[in-house]
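Right, one structure below, let's go through it.
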Amino acid sequence: MSTDSVIRNYRRLAPVYDRTFGQVTEAGRRHVARLVKAGGGALLEVGVGTGLALRDYAPSVTVTGIDLSPDMLERAREKVAEERLSNVVALRQMDAGAMDFPAASFDFVVALHILSVVAEPRRVMAEIARVCRPGGMVLIVNHFSREAGVLAHAARLAAPVTRRIGWHSDFRRAEVMGEAGLELVDERPLPPMGMMTFLQFRRRI
């Protein structure tokens with residue numbers, strides 16, 4: 001999907017995103033926020049969207065968020081202002097596959113439910129690894145298709161429809177596992193009904 005198509009899709013979704021996706025993604029947001037709170041430091045949220053996770057980060061965590069959609073970012077900025085989230089230092093429009101941050105800029109890089117909507121997930125993973133400091137953590141929550149069974153078949157059938165709204169129901173876990181700079185240290189299913197998966201990587205030193 002082209003950049004322009006993504007921006008158009010999220011222009012339509014931005015006004016209703018919190019109500020439609022907020023509860024489905026809540027468990028992942030809270031799990032990631034608990035891990036970050038234990039460590040503190042500088043955090044980048046890739047695909048920050050409407051800023052649903054921003055209020056969950058501890059005040060000691062310095063947060064930068066990026067997103068391709070200006071409409072989603074507008075709502076994130078409204079949350080920051082309304083809730084006086086002084087630890088959110090920047091919200092920028094940026095392509096996750098071509099970030100302009102220097103290498104090793106962040107202690108944590110978070111990607112919540114965005115890798116199955118970007119055009120080039122492996123390129124995004126390479127960028128995530130690049131901007132994470134050695135020894136830092138990459139925290140991902142995403143839906144991955146099942147390899148076999150009824151759910152896998154359903155995901156393949158739904159794929160042509162879901163791609164029209166920018167989401168890949170048949171997105172494979174392998175798409176995020178090939179980055180040499182990252183070592184997987186934890187993986188677990190998350191609600192609802194194990195549909196989401198949490199992955200924790202450590203940036204190799």
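Numbering starts at 1 and runs along the sequence shown. Side-chain atoms are counted along with the backbone in the values below, which use heavy atoms only and exclude waters and symmetry mates.
Between F144 and F171, the ring planes lie parallel to each other; the angle is under 30°, not in the 30° to 60° tilted range.
Pairing each heavy atom of A129 with each of E179, the nearest pair is CB-CG, 3.6 Å. In plain terms, the two heavy atoms of G194 and P189 that are nearest each other are CA-CB, 4.1 Å. Across every non-hydrogen atom of G51 and A76, the tightest pair is N-CB, 3.8 Å. Of all heavy-atom pairs between K79 and T50, the closest is NZ-O, 2.8 Å. Taking every heavy atom of both residues into account, G40 and S60 meet most closely at CA-OG, 4.5 Å.
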For this session: Could you check F101 against L44 for side-chain contact (heavy atoms from CB on, under 4.5 Å), going step by step and ending with a plain yes or no?
Result: CA-CA 10 Å; F101 301 113; L44 172 67; 3.8 Å; yes
For this session: Decide side-chain contact (heavy atoms from CB on, under 4.5 Å) for L54 and V63; before the verdict, give the C-alpha distance in whole Å, the side-chain angles of both, and the deciding distance to 0.1 Å.
Result: CA-CA 8 Å; L54 295 177; V63 180; 3.8 Å; yes
For this session: Go through the steps for D100 and R92 under the test salt bridge (Lys or Arg N to Asp or Glu O under 4.0 Å), then give the verdict.
Result: CA-CA 11 Å; D100 64 10; R92 300 177 54 192; 2.7 Å; yes
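Clustering ILVMFWY residues whenever any of their side-chain heavy atoms sit less than 4.5 angstrom apart, transitively, puts M177 in the very cluster that holds I114. Connection of F108 to V89 is not established within any shared hydrophobic cluster, with ILVMFWY side chains joined at heavy-atom distances below 4.5 Å, either directly or through further cluster members. M195 and I140 sit in two unconnected hydrophobic clusters of ILVMFWY residues. Membership requires side-chain heavy atoms under 4.5 Å apart, directly or through other members.
Surrounding CZ of R204 are more than 12 heavy atoms belonging to other residues, nucleotides or ligands, all under 6.0 Å away.
A salt bridge links R172 with E175: the closest approach of a Lys/Arg side-chain nitrogen to an acidic carboxylate oxygen falls below 4.0 angstrom. With respect to the salt-bridge test (charged N to carboxylate O, under 4.0 angstrom), the residues E127 and R130 qualify. Between R173 and E187, at least one side-chain N (NZ, or NE/NH1/NH2) sits under 4.0 Å from a carboxylate O, which counts as a salt bridge. R34 has no carboxylate O lying under 4.0 Å from a charged side-chain N of D56, or vice versa, which leaves the two without a salt bridge.
Side-chain N or O atoms of Q93 include one that pairs as donor or acceptor with a backbone N or O of L68 at under 3.5 Å. Formation of a donor-acceptor pair under 3.5 Å by the R75 side chain with backbone atoms of D71 is found in this model. Judged by distance alone, the side chain of R203 and the main-chain N or O of L182 form no donor-acceptor pair under 3.5 Å. Under the 3.5 Å distance criterion, the side-chain polar atoms of H143 are left unmatched by any main-chain donor or acceptor of T197. Side chain of R77 to backbone of L91: a donor-acceptor contact under 3.5 angstrom is found. Side chain of R123 to main chain of G97: a donor-acceptor pair is present (N/O by atom type, distance under 3.5 Å, no hydrogens or angles).
Annotation: the span from E45 atom CD to I66 atom CD1 amounts to 10.0 Å, rounded to 0.5 Å. The structure places CG of D186 at 7.5 Å from CG of L184, a figure rounded to the nearest 0.5 Å. Note that CZ of F198 and CZ of R188 are 6.5 Å apart. Values are rounded to the nearest 0.5 Å. In this structure, SG on C132 lies 8.5 Å from CE on M137, to the nearest 0.5 angstrom. Taking OG1 of T64 as the start and CE of M94 as the end, the distance is 9.0 Å to the nearest 0.5 Å.
A donor atom on one side chain and an acceptor atom on the other are not found under 3.5 Å apart for T62 and N87.
Using a 4.5 Å heavy-atom cutoff, the side chains of L85 and Y57 are not in contact. The shortest side-chain heavy-atom distance between V110 and V46 does not fall under the 4.5 Å cut-off.
Remark: of the listed residues V32, V141, N142, V141 is the sole one forming a side-chain contact (heavy atoms from CB on, under 4.5 Å) with L190.
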